[in-house]
Amino acid sequence: MFPVERPRRLRRTPALRRLVAETSIAPGDLVAPLFVAEGRDEPRPLDALPGHVQHTVASLRAEVDHLHRVGVGGVILFGVPARKDERGTGAYDPDGIVQVALRALRDDVGDEMVVMADLCLDEYLVHGHCGVLAADGSVDNDATLPLYGATAVAQAAAGAAVVAPSGMMDGQVGAIRRALDDAGFDQTVVMAYSAKYASALYGPFREAVDVAIADGGDRRGYQQDWRNRREALREVRADVAEGADIVMVKPALTYLDVLADVRQAVDVPVAAYQVSGEYAMVMAAGANGWIDTDAVALEQLTAIKRAGADFVLTYFAGRVAERLQG
Ligand code: PBG
């Protein structure tokens, strides 16, 4: 008999295909990034992130309630402060916008859904870098760490179950873990953006949080070079050694090789972030009628899980969860 191998047998019916599927995706595997702005009366739509807005605290609460009802696993908050300064004060002020939002969500959803806070200073600093500057204008790694620690404590105190350092400073996970433990927050989870690349795919996000890096600067001095693969494992291992509970690879689709490597290298859960530019590309092609937006979103998110992610941060979270629920 020829051919001997007949893999098509297992593809004959939808029931067979479902039974032998190696990967699946559910609403609970998705985390929705959300933006909340200080001092705004109305939500502001974001051109480059169709379907997303800078929320008021009230509209944020309504959105989180909806995401909870469609089964989304978690949300991650980004703050847009009314004022920026040289020390990023708004990030760790107990009345900073993210802390206000976290307290509201703690009242609304408690621990029924995982409420996360992105932990960085770029939205709060006048120059838009992820850390404070040294006298020579460079980003001062070690002077930034205590401010990250203070931010983690403020976020935990306001009700964040997970804090997610995204600034790519060396030693940030250890500094945050120590600050949290010292303040009595030993149950607060640290999800590290461990392998975060200096990607051109963050463009729409910068509009969403009103961040422009001063003097045409970039983040290549602290985020990873996208020519590198092995270097990601060095970052991931360091974060796990410093106490990261979850590690992340970001962006997602252009880094599936890195994601697969990381999955092999560590035993902690691995997250992936399908970033703003990845979402915008799919939405733009879909709006032109060139691709089927929902089909492509589901295919990409499933591929990200197949490569090794346990869960995915994605601007498609709400939309895909609605479809998966039927
Ligand atoms: C930094 C941060 C960024 C994103 C998440 N956290 C932007 C950056 O590093 O410049 C990007 C997320 C996205 O593009 O969706 N606070």
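Whatever order the structure lists ligands and atoms in, that order sets their numbers, starting from 1.
Summary of contacts: the protein heavy atom closest to atom 2 (C) of ligand 1 is Lys196 NZ, 3.1 Å. Among all protein heavy atoms, the one lying closest to atom 8 (C) of ligand 1 is Arg219 NE, 3.4 Å. Atom 16 (N) of ligand 1 has Asp122 OD1, 2.9 Å as its closest protein atom, hydrogens excluded (heavy atom only).
Checking Glu322 against His66 by side-chain atom types alone, a donor-acceptor pair falls below 3.5 Å. Between the side chains of Glu235 and Gln224, no donor N or O sits under 3.5 Å from an acceptor N or O. Tyr193 and Asp118 share a donor-acceptor pair across their side chains, judged by distance under 3.5 Å alone. Judged purely by distance below 3.5 Å, without hydrogens or angles, the side chains of His55 and Glu63 never pair a donor atom with an acceptor atom.
The existence of a salt bridge linking Asp65 and Arg61 is excluded, since no basic side-chain nitrogen approaches an acidic carboxylate oxygen closer than 4.0 Å. Salt bridge status for Asp239 with Arg234: absent, with no side-chain N to carboxylate O gap under 4.0 Å. Salt-bridge formation is not detected for the pair Asp93/Arg83: no Lys NZ or Arg NE/NH1/NH2 atom is positioned less than 4.0 Å from an Asp or Glu carboxylate oxygen.
Judged by distance alone, with hydrogens and angles left aside, the side-chain atoms of Gln325 form a donor-acceptor pair with the main-chain N or O of Val70 at under 3.5 Å.
Residue contact check for ligand 1: Tyr315 places a non-hydrogen atom closer than 4.0 Å to it.
Contact annotation for Tyr279 and ligand 1: no heavy atom of the residue comes within less than 4.0 Å of the ligand. Using a 4.0 Å cut-off between heavy atoms, Asp118 contacts ligand 1 through its side chain alone, with no backbone atom that close. By the criterion of a heavy-atom distance under 4.0 Å, both the backbone and the side chain of Ser276 are placed next to ligand 1. By the criterion of a heavy-atom distance under 4.0 Å, both the backbone and the side chain of Val275 are placed next to ligand 1.
Residue Arg206 has at least one heavy-atom neighbour below 4.0 Å for each of these atoms of ligand 1: 8 (C), 10 (O). Atom numbering of ligand 1 starts at 1 in the shown order; those under 4.0 Å from a heavy atom of Cys120 are 16 (N). Ligand 1 places these atoms under 4.0 Å from at least one heavy atom of Ser166: 1 (C), 2 (C), 6 (N), 16 (N). Every atom of ligand 1 is numbered from 1 in the order shown, and the set under 4.0 Å from a heavy atom of Phe78 is 5 (C), 6 (N). Taking every heavy atom of Tyr273 and a limit of under 4.0 angstrom, the matching atoms of ligand 1 come to 12 (C), 15 (O). Applying the 4.0 Å criterion to heavy atoms of Lys250 picks out, from ligand 1, the atoms 2 (C), 3 (C), 4 (C), 5 (C), 6 (N), 11 (C), 12 (C). If you number the atoms of ligand 1 from 1 as listed, the ones under 4.0 Å from a heavy atom of Tyr202 come out as 8 (C), 9 (O), 10 (O), 11 (C), 14 (O). Of all atoms in ligand 1, numbered sequentially from 1 with element shown, those under 4.0 Å from a heavy atom of Gln223 are 8 (C), 9 (O).
For Tyr92 and Tyr148, the ring centers are positioned 6.0 Å apart or more.
Across Phe316, Phe35, Tyr279, a single residue satisfies ring pair (Phe, Tyr, Trp, His ring centres under 6.0 Å) together with His52, and that is Tyr279.
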